Amino acid sequence: MLVRGGVRIPGDKSISHRALILSALADGQSRIRGILNSADIQSTAGVLRGLGVSVVAQDDGSILVLGSGPHALSAPIADLDAGNSGTTTRLISGVLAALPFTSRVVGDASLSARPMRRVAKPLGAMGASFSFDGDDGLPMSITGAALQGLTWFSESASAQVKSAILLAGFTAGVPVEVHEPVPTRDHTERMMRLRGVDVRSEGTVATLIPGAPIAALDVDVPGDPSSAVFFAALAAMATGGDVTLAGVCANPSRTGALRVLERMGVRIGWEDMKDVGGEPTATLVVAPRVLRATTIDGSEVPSLIDELPVLACVAARADGETRVTGAAELRVKESDRIALVVRNLRAVGAEAEELEDGFVVRGSDRPLAGRVETGGDHRIAMAFGVLGAATGGRITIDDPNCVAVSYPNFWTDLAYVAD
Ligand code: S3P
């Protein structure tokens, strides 16, 4: 299979969620251009509307948010529905923890099974009350309070937990400091700084000093590296050609998978580097080379956590054995991604094994064919969609529509660049 042409990568999902939430906390109107139009982002917009914020989609694809400061948010009259979105749930929890009313957050079956005590613990230590219908997960009720400041040592490297604490500190006007085992994506910190909030980052520590409001601002959302990597992976497995991916967020906390592809031998040109809305961006030109296996450990995992399914698919075509460890978090994503990646690689004829905290994949160039069970997980669908396109189109996906969570136009874009 040859690759050709370019793809306009949709807006970054993490940045789109944060742009909506920070705009809702500002006093004034913000226009968000290039925002991702997907089910997860609709979930955040819906939750904010449920709290009384005006969030209005424009004909040009941008979104206008009219905020009146955090304390203008009002008690919801119905459950807040986060759909399939962990980021929506965990980030909004930080805001709700500091507001004087009770909200109940619900989600779909996959989201309801995901751990939420990881935000309830620090936000509870600040003074908010949480109650769960079950042991953990959604439905979850949050009663906000006048919070106190917090210094928190996170057990897991989670940008969502860090962001929830920063948002709680901002909304309550109290200082917070978050220590992480390994640095995670820093979009919340960058965006808060861009809007005038005093947030400092040093290595694995993020600190918010309260006092300044969040400014209303027009912003542009760069392309999502987690979406771009599917096409980089396709190019990596191609027999020739190249693919151009313009305006992709090149924040080093997000580009781990691209660095891994380079280590595996793939040629990536990083062109036209520039700043967009406080984030570095680049145009990537990706071309195939002979692929070799690699090793990924916990120090690298947060920078490529969402890309591990597609990296596993690339590893199935590389020379040698690829080993991923320190990635136990994959078990509590939209699906148990360790189990599903390994089961599906085997189902299509590749060699793979589960580890407690990762997996091993042995590459080959044998023909691959079979049916993939996504468990409704968008990234499993896209990873195996790319593997199928690169290996003769004999891999079928049980639920192709689940890509709507992060990339509704994925199949059309894939067909366009795969020749
Ligand atoms: C995200 C953080 C990561 C990532 C998720 C988006 C974010 O989750 O997997 O897709 O936007 O902060 P964790 O914080 O649970 O690691």
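These numbers were taken from a predicted model, which means no experiment stands behind them. Both counts, for ligands and for their atoms, begin at 1 and track the order of listing.
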* Within reach of ligand 1, part of His17 (heavy-atom separation under 4.0 Å) -> neither
* Got a salt bridge between Asp224 and Lys13, using NZ or NE/NH1/NH2 to carboxylate O under 4.0 Å? -> no
* Applying side chain to side chain donor-acceptor pair (under 3.5 Å), name anything that partners Asp27, two or more places apart in sequence or on another chain. => none
* Structure fact -> Nearest non-hydrogen contact to atom 7 (C) of ligand 1 from the set Arg90, Lys13, Arg18 belongs to Arg18
* For atom 11 (O) of ligand 1, find the nearest protein heavy atom and state the residue, atom name and distance (0.1 Å precision). => Ser14 OG, 2.7 Å
* Check each atom of ligand 1 against the heavy atoms of Ala159 and keep those under 4.0 Å away; list them by number with element. => 12 (O), 14 (O)
* To do: Hey, could you give me each pair passing ring pair (Phe, Tyr, Trp, His ring centres under 6.0 Å) that has a residue in residues 9-37? Not counting sequence neighbours.
  => none
* Please could you name the atoms of ligand 1 that Asp306 approaches to less than 4.0 Å, counting only its heavy atoms? => 4 (C), 5 (C), 9 (O), 10 (O)
* To do: State whether the shortest distance between N or O atoms of Val161 and N or O atoms of ligand 1 falls below 3.5 angstrom.
  => no
* Asked: Considering only heavy atoms of Ile305, which atoms of ligand 1 have at least one such atom less than 4.0 Å away?
  -> 9 (O)
* Tell me whether the centres of the aromatic rings in Tyr416 and Phe231 are closer together than 6.0 Å. => no
* Asked: Ser201 and side-chain hydrogen bond (donor to acceptor under 3.5 Å, both in side chains): which partner among Lys162, Arg190, Glu189, Arg193?
  -> Arg193
* Salt-bridge criterion met for Asp377 and Arg337 (N-O under 4.0 Å) -> yes
* To do: List the closest protein heavy-atom neighbour of atom 14 (O) of ligand 1: residue, atom name, distance to the nearest 0.1 Å.
  => Ser158 OG, 2.6 Å
* Atom indices of ligand 1, in the order listed, that fall short of 4.0 Å to a heavy atom of Lys333 -> 3 (C), 4 (C), 8 (O), 9 (O), 13 (P), 15 (O), 16 (O)
* To do: May I ask you to identify, for His187, whether its side chain, its backbone, both or neither come under 4.0 Å of ligand 1 on a heavy-atom basis?
  => neither
* Asked: So Asp398 and Arg371, salt bridge (Lys or Arg N to Asp or Glu O under 4.0 Å) or not? Walk me through it.
  -> CA-CA 7 Å; Asp398 68 350; Arg371 184 173 168 81; 5.3 Å; no
* Counting only heavy atoms not in Arg114, do more than 12 sit closer than 6.0 Å to its CZ atom? -> yes
* **Protein heavy-atom partner closest to atom 1 (C) of ligand 1 - residue, atom, separation in Å** => Gln160 NE2, 3.4 Å
